[in-house]
Amino acid sequence: DCTWFDNPLKGLDWMRQGNIPDLIISDIRMPEMRGDEFLAYLKLNELFKQIPVVMLSSEDSTSERIRLLEEGAEDYIVKPFNPQELKIRIKKILD
């Protein structure tokens, strides 16, 4: 099952209500909160820090990728991406 939100603040509200996802896929550029800020919040929160996070970005920047992986992202995928590749990467993270 997938649940999606059009901004990370709505997702955080949903999670604060006791919904803990198996994995989060987050874009870097989002309304109301950037993806790197969202990732930092998750990784500093005791309830959410163990949730794997996959970051999506249209920026193919090695420095950005390394920074987000160091900050706790499980994976970083550049858009446009192949949906089958994303499914395989998610499966490997969850197995």
Side-chain angles (χ1 to χ4, degrees):
D1 291 338
C2 288
T3 302
W4 69 274
F5 300 94
D6 57 6
N7 77 60
L9 297 180
K10 290 179 183 176
L12 288 173
D13 287 342
W14 178 78
M15 289 171 29
R16 286 186 198 113
Q17 294 171 19
N19 302 292
I20 305 298
D22 295 324
L23 180 132
I24 294 172
I25 301 171
S26 174
D27 204 330
I28 291 182
R29 293 193 177 142
M30 298 183 291
E32 300 190 44
M33 177 187 264
R34 284 186 45 85
D36 54 349
E37 296 169 327
F38 180 55
L39 176 66
Y41 178 86
L42 292 170
K43 296 307 173 182
L44 291 172
N45 186 296
E46 286 299 316
L47 294 174
F48 308 139
K49 70 181 184 180
Q50 298 303 321
I51 302 169
V53 180
V54 174
M55 301 301 296
L56 301 178
S57 178
S58 58
E59 299 175 31
D60 191 7
S61 163
T62 300
S63 60
E64 176 92 343
R65 182 182 319 208
I66 289 170
R67 181 177 69 82
L68 291 169
L69 291 170
E70 286 179 337
E71 291 177 7
E74 196 72 28
D75 205 345
Y76 182 105
I77 299 174
V78 177
K79 298 186 293 185
F81 58 88
N82 181 312
Q84 185 176 1
E85 179 184 354
L86 177 61
K87 287 170 75 173
I88 291 168
R89 288 176 182 248
I90 289 170
K91 186 175 182 333
K92 286 184 171 218
I93 291 168
L94 295 177
D95 283 347

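The chain is numbered in sequence order, starting from 1. Reckoned from all heavy atoms, side chains included, excluding hydrogens, waters and symmetry mates. As the structure is a prediction and not an experimental result, all values here were calculated from the model.
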How long is the straight-line distance from [atom2] of [Y] back to [atom1] of [X], given to the nearest 0.5 Å?
X	Y	atom1	atom2	answer
Glu74	Leu94	CD	CG	9.0 Å
Met33	Leu39	CE	CG	11.0 Å
Leu42	Glu37	CG	CD	12.0 Å
Thr62	Asp60	OG1	CG	6.5 Å
Ile51	Asp22	CD1	CG	9.0 Å
Arg89	Asn82	CZ	CG	10.5 Å

Determine, using the 4.5 Å side-chain heavy-atom cutoff (strictly less than), whether [X] and [Y] are members of one ILVMFWY cluster.
X	Y	result
Ile28	Tyr41	yes
Leu12	Met30	yes
Leu23	Ile88	no
Tyr76	Ile25	no
Trp14	Val53	yes

#### Entry: With sequence neighbours excluded, residues passing side-chain contact (heavy atoms from CB on, under 4.5 Å) with Asn7
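Checked Asn7 against side-chain contact (heavy atoms from CB on, under 4.5 Å); matches are Leu9, Lys10, Pro31, Glu32.
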
### Task
Report the residues that fulfil side-chain contact (heavy atoms from CB on, under 4.5 Å) with Gln50, sequence neighbours left out, ordered by chain and then residue number.
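Applying side-chain contact (heavy atoms from CB on, under 4.5 Å) to Gln50 gives none.
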
Identify the two heavy atoms, one from [X] and one from [Y], that lie closest to each other, and give their separation to 0.1 Å.
X	Y	answer
Val78	Phe81	O-CB, 3.6 Å
Gly11	Phe5	CA-CD1, 3.5 Å
Ser58	Arg29	OG-NH1, 4.1 Å
Met15	Ile20	O-CD1, 4.2 Å
Ile93	Val54	CD1-CG2, 3.6 Å

### Task
Answer yes when Lys79 and Asp27 have at least one side-chain N-carboxylate O distance shorter than 4.0 Å, and no when they do not.
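A salt bridge is present here (some side-chain N lies under 4.0 Å from a carboxylate O).
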
### Task
Using a strict cut-off of less than 4.0 Å between a Lys/Arg side-chain nitrogen and an Asp/Glu carboxylate oxygen, indicate whether Arg67 and Glu64 qualify as a salt bridge.
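So Arg67 pairs with Glu64 through a salt bridge.
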
### Query
Does a sphere of radius 6.0 Å around CD in Gln84 hold more than 12 heavy atoms from other residues, nucleotides or ligands, not counting ones at 6.0 Å or beyond?
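No.
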
### Message
Please determine whether the number of non-hydrogen atoms from other residues, nucleotides or ligands lying under 6.0 Å from atom CG of Asp95 exceeds 12.
### Response
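For Asp95, atom CG is crowded (more than 12 foreign heavy atoms under 6.0 Å).
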
### Query
Given side chains that start at C-beta, do those of Phe38 and Ile24 come closer than 4.5 Å, heavy atoms only?
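Yes, close enough: below the 4.5 Å cut-off.
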
### Side chain proximity check, Pro21 to Thr3, heavy atoms < 4.5 angstrom
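No. Closest side-chain heavy atoms not under 4.5 Å.
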
### Message
Using only atom types and a distance under 3.5 Å, with no angle test, would you say the side chain of Lys92 pairs donor to acceptor with the backbone of Lys87?
### Response
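The answer is no, because no donor-acceptor pair under 3.5 Å joins these two groups.
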
